[in-house]
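First comes the structure, then the notes that go with it.
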Amino acid sequence: MSILSNKSEKIFIYLFFAIGLFIPLFLEGNTFFINKFSTIIILAIFVMSLDYLVGRTGLITLGHAMFYGLGGYIFTILAPEYEAVNFWVYTFYVMLISGFIALIVGLIVLRTSGIYMIMITLALAQMSFYFFADSIEYGGQDGLFVYIKPETSIFGLNFLDLENETHFYYLCLLSLFNCFVFFKIIMNSSFGRVIDALKENPDRATALGYNIFHFRLIAYVLASSLAAYAGYLFALQFGFVNPSMMSWDVSATALVMALLGGLGTIYGAIIGSFVYEGLHYFIEHLTEYWMFFMGALIIALVLTLKNGMAGFLNTLSGGKRS
Amino acid sequence: MQNILEVHGLQTLYGESHILHGVSFDIKSGETVSIMGRNGMGKSTTLKSILGIAPPRSGSVIYKGEDITRLPTWKRMRRDIAYVPEGRGMFHNLTVKEHLQMAARKNSRGEANWTYDQVLDVFPRLTERLVNKGTQLSGGEQQMLAIGRALLTNPDLLILDEATEGLAPLIRKEIWQVIRQIKDSGVSTVIVDKNIKVLNELCEKHILIVKGKVMFQGDSRSLDDNKEFIEQSLAV
């Protein structure tokens, strides 16, 4: 059974990853664009994790960037300053620790829902923002720096050099692919069906014998630790972390990207991130007031496209509206 | 025979309005029991109190000898109770197949007497509709799916609230046929319905609820003996 749910998704995913694989060959030496794509792919991972939470689980959060920032901070705090650590080992640490934090946070925030959950997640994210912004130990507003990038050897084999932009790009692309497959497998599992059911009607799911709190908590922990992974990649790419990664507008922008792409579609997160960042890039070059035009354009897109860009692609490819 | 369910003096309120005034009855293991009464008399509330969806203010629910009155709903269901709610409760974002997938589990003893294929054998209509969303089905198909979904949790006690309400006579007949099959498989069943004739033939025990009180309980013979009183209580 295919994990891809419709024709447009299939076409998009095949095309995206095929182009993604070969694009560095055409951009030979143009590190600006390779870096730009890496950044957007990292963002897409972050947006995807948020999309699962908001679009599938029905938990609306404005504090998801807290985990994005934490991912970066956990790495820079844990790793020794002048020693190359192993990338995969630290991936495990970052996700484990952020998952544990998400478990604690989830136990608190998941007792609420709707507007209350939005407010409490926002409050917690702002708290951690100010914690890091005011801490002398963690660099305050300037944050912390990554002086030496990790090495990526597995059992002595080393394919990737993270100092190399193209290599780093491929690592990001691979991460995005894994993340996508991971969410699609979850969505198609019985766990995913229960998640869908409880989003639609929590009482009914309870009456079928499911503790919806447990299911929401698991989804929250998974999505949060993937957001942290994206933050970890961000820290590696730019060589620093600072509190602005956790700021509420990062969460809000990601939410806009998820909406633009098509909430709950998962692959829509990729479309949303690329479309948003693409528009941003072009409009920024046209006018100083890019935010004004960008805002107007997004309002127009969200109003005209039902189910976002993914829904639009689905209609184009002749699929039924779901 | 042992009691699978004992309900003692349930008093349930929705806000200020007092719905159940001390409902008590018991159900023996393997028994099929009907709960009758006019609309608004507290039949559904009785079921919801048993399941913890509308927790009673006082009284107790004893299931297989264990007091489950204070347990959360999902834990009660995990003790092998299944509930087919009034209105069927379909998920509009899940297909028929996904509905069955998400519900399927072994019972607390690790047995799976009902499998996906068996449910489709009982409801062949659903086989043709596997990729349709739950809300794209006809009323009868929705009801079949709701019952199929409940069976896949492999329950010892099945609670059906108005399973044949609003269905065409032929479909009704089909549903009653399946309920008969479930009864024969040994599952204890509680049925809320208005069709006295079928209930009389199908159930071993009957409970009549009027204004939140049990006004009659007995077997089919005593139901016949009290026919006049019961018909009077059910007449609109």
Side-chain angles (χ1 to χ4, degrees), chain A residues 1-7 9 51-59 110-111 184-219 262-266 268 306-307 310-311 314 319-322, chain B residues 44 47-48 50-55 71-108 116 130-136 145-146 148-159 161:
Chain A
M1 196 185 74
S2 167
I3 56 165
L4 300 170
S5 20
N6 55 43
K7 203 167 126 196
E9 180 176 20
D51 187 36
Y52 187 73
L53 215 51
V54 178
R56 303 299 305 193
T57 320
L59 299 172
L110 296 179
R111 308 223 165 257
K184 291 304 287 191
I185 289 175
I186 286 197
M187 274 164 64
N188 285 294
S189 68
S190 7
F191 172 84
R193 303 296 175 222
V194 177
I195 290 284
D196 287 348
L198 67 85
K199 182 192 174 223
E200 162 82 12
N201 188 342
D203 294 337
R204 200 72 274 290
T206 307
L208 280 164
Y210 295 107
N211 182 350
I212 55 170
F213 184 76
H214 288 174
F215 279 83
R216 283 182 175 155
L217 190 61
I218 294 170
L263 264 189
T265 55
I266 301 302
K306 265 197 174 165
N307 299 324
N314 197 18
K320 274 182 290 182
R321 211 160 51 82
S322 59
Chain B
S44 292
L47 301 184
K48 286 180 180 162
I50 295 171
L51 298 168
I53 299 167
L71 282 185
T73 301
W74 70 273
K75 279 194 180 164
R76 301 181 196 215
M77 310 317 277
R78 287 276 161 175
R79 282 163 170 70
D80 310 324
I81 303 179
Y83 172 49
V84 178
E86 199 177 357
R88 297 139 206 163
M90 295 289 106
F91 298 112
H92 85 78
N93 53 351
L94 295 186
T95 63
V96 170
K97 194 174 176 181
E98 289 163 356
H99 267 92
L100 297 175
Q101 257 181 355
M102 67 88 61
R105 63 162 180 265
K106 289 178 179 159
N107 65 19
S108 59
Y116 178 76
L130 284 176
V131 293
N132 287 91
K133 302 268 183 209
T135 42
Q136 292 168 337
L145 181 54
R149 183 173 66 180
L151 288 177
L152 273 177
T153 65
N154 289 290
D156 290 336
L157 176 64
L158 177 68
I159 297 177
D161 196 356

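Predicted, not measured: the structure shown is a model, and the values here were computed from it.
Note on Ala207(A), Ala205(A), Ser190(A), Ala197(A): by heavy-atom pairs under 4.5 Å with chain B, the leading option is Ala197(A). Each of Arg76(B), Arg149(B), Lys75(B) has some count of heavy-atom pairs under 4.5 Å with chain A, and the biggest count is that of Arg149(B). Ranked by heavy-atom pairs under 4.5 Å with chain A, the list Glu98(B), Arg79(B), Met77(B) is led by Glu98(B).
Heavy-atom distances place the side chain of Arg105(B), and not its backbone, under 4.5 Å from chain A. Neither the backbone nor the side chain of Leu51(B) comes within contact range of chain A; no heavy atom of the residue lies under 4.5 Å from a heavy atom of that chain.
Residues Arg78(B) and Tyr210(A) have side chains in contact (heavy-atom distance under 4.5 Å, counting atoms from C-beta outward). At least one side-chain heavy atom of Met102(B) sits less than 4.5 Å from a side-chain heavy atom of Leu208(A).
Rounded to the nearest 0.5 angstrom, Asn201(A) CG and Asn93(B) CG are separated by 10.0 Å. Remark: Arg204(A) CZ to Arg88(B) CZ distance equals 12.5 Å, nearest 0.5 Å.
At least one donor-acceptor pair closer than 3.5 Å links the side chain of Glu200(A) to the backbone N or O of His92(B).
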